[in-house]
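What follows is a single structure, written as structure tokens, with notes after it.
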Number of protein chains: 2
Amino acid sequence: MAANSRVTIAAHALAWLELARQRGRPWLTSDEVAASVKTNPVILRRSLGDLHKAGLVRSRRGAGAGFSLARPAEEITMLDVWNAVSPEPLLALHRTEPNQECPVGAGIKPALTDTYDEATEAFRAALARRTIAGILEKILNS
Amino acid sequence: MAANSRVTIAAHALAWLELARQRGRPWLTSDEVAASVKTNPVILRRSLGDLHKAGLVRSRRGAGAGFSLARPAEEITMLDVWNAVSPEPLLALHRTEPNQECPVGAGIKPALTDTYDEATEAFRAALARRTIAGILEKILNS
DNA sequence: TGTTGTTGTAATAGGGTTGGTTACGATGGC
DNA sequence: GCCATCGTAACCAACCCTATTACAACAACA
């Protein structure tokens, strides 16, 4: 599968919003964020829209509108970002129901669900240990 | 994205091969495995082909052919399965190069790569703790 | 040696997702 | 009321995933 890059786009946008804030420009338009990510402003409005729904950014409309962080960058983790933009599970079960007359087909789903949940939880815990502030700091010191 | 179900198909096939072996039928054809997963035999031959390249199953051609486990089910982890069938990374970086003139665009890739690698490693470690034997045991006791 | 059953793989197709683009109504400061 | 910008719908091309058909390669066995 070609994994999507939504988490990357969203993290990029948030880091850029935070750097702009530190430089005295707390509000950026989707055009300005798109210029840094180098993609279409609509893509960013969609991504920032997801982040808005999740409470990570604020948005203003009308003249002088734009986006800004809704909370300190130290309190936005990569797990928050992942939750906001990536509803898909990491591993999918069978697309079509397996054969229920076979013992394996009948019982495999809960067994795999357990394993997948455990692995996904480990993945999420790792993301929760990184913040946008940490990402930005690493960017500026590289 | 609709995550693919290759790990699920492969784990199902391996568990079924192991159960058949315990029942005295160490070799199964792709038709027989496909009947349990309830999909096309070609899908299974492709999946089992990946597992074969990874050294997890053996295959025989000609009359009386089929597939069997290449090592004990206790020694095949879900990480082995994932490695065999899922070459894609869990999280993708930018599809198009970000703006190098922006500090964030210029430095974000290594910062995110670090984070993504760490999360992926946690995910892999969790998969490594589960074996096909364990999965099958859970299936039979459910 | 010929028959037979199965693997391995190519070609193809439909459906879904992704990122990209255009377009436009809604919004709100001026 | 004007105007810059958000929010979102509609559409598109590219790509991937699963499924299917087809067939050559292969190996056991008569």
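Reminder, nothing fancy here: chain letters follow the sequence lines and each chain counts from 1. Computation of the quantities below employed the complete heavy-atom set of this structure, encompassing side-chain atoms and omitting hydrogens, waters and symmetry-equivalent molecules.
The salt bridge (charged side-chain N to carboxylate O under 4.0 Å, His left out) contacts involving residues 130-142 of chain B comprise A:Asp114-B:Lys138, A:Glu118-B:Arg130, where partners must be two or more places apart or lie in separate chains. Legend: salt bridge (charged side-chain N to carboxylate O under 4.0 Å, His left out) pairs involving residues 64-79 of chain B, not counting sequence neighbours, sorted by first then second residue: B:Arg71-B:Asp80. Sequence neighbours left out, the pairs with a member in residues 96-105 of chain A that pass salt bridge (charged side-chain N to carboxylate O under 4.0 Å, His left out) are A:Glu97-A:Lys109. Pairs engaging residues 7-25 of chain B under the side-chain hydrogen bond (donor to acceptor under 3.5 Å, both in side chains) rule: A:His94-B:His12, A:Tyr116-B:Thr8, B:His12-B:Ser36, B:Glu18-B:Arg21, B:Glu18-B:Gln22, B:Arg25-B:Glu32 [sequence neighbours left out].
Hydrophobic clustering, with ILVMFWY side chains joined whenever heavy atoms are under 4.5 angstrom apart, keeps B:Val33 apart from B:Val42.
Taking every side-chain heavy atom of B:Asn40 into account, D:dT20 is the closest of D:dT20, C:dT21, D:dT18.
Contact detail for B:Ile139 and A:Pro103: the closest heavy-atom pair is CG2-O, 3.5 Å.
Here A:Thr113 pairs with A:Leu93, A:Asp117 under the side chain to side chain contact (heavy atoms under 4.5 Å, CB included) rule; sequence neighbours left out. For B:Thr120, the side chain to side chain contact (heavy atoms under 4.5 Å, CB included) criterion is met by B:Trp82, B:Leu90, B:Arg124, not counting sequence neighbours.
Computed from coordinates, the A:Asn4 CG to D:dC16 C1' distance equals 13 Å when rounded to whole Å. The nearest whole Å value for the distance from the CD1 atom in A:Ile9 to the C1' atom in C:dG19 is 9 Å.
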Under 3.5 Å donor-acceptor pairs involving side-chain atoms of residues 43-70 of chain A, not counting sequence neighbours:
from: A:Arg45; atom 1: NH1; to: A:Ser30; atom 2: OG; distance (Å): 3.1
from: A:Arg58; atom 1: NH2; to: A:Leu69; atom 2: O; distance (Å): 3.3
from: A:Arg60; atom 1: NH2; to: A:Gly64; atom 2: O; distance (Å): 3.1

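We find the CD1-OG1 distance between B:Ile135 and B:Thr77 to be 10.5 Å, quoted to the nearest 0.5 Å.
A heavy atom lying under 4.0 Å from DNA chain D marks the following residues of residues 43-64 of chain A, by number: A:Arg45, A:Arg46, A:Ser59, A:Arg60, A:Arg61, A:Gly62, A:Ala63. Sorted by residue number, the list of members of residues 97-111 of chain B with any non-hydrogen atom under 4.0 Å from DNA chain D is empty. At a non-hydrogen distance threshold of 4.0 Å, A:Thr39 from residues 27-39 of chain A come into contact with DNA chain C.
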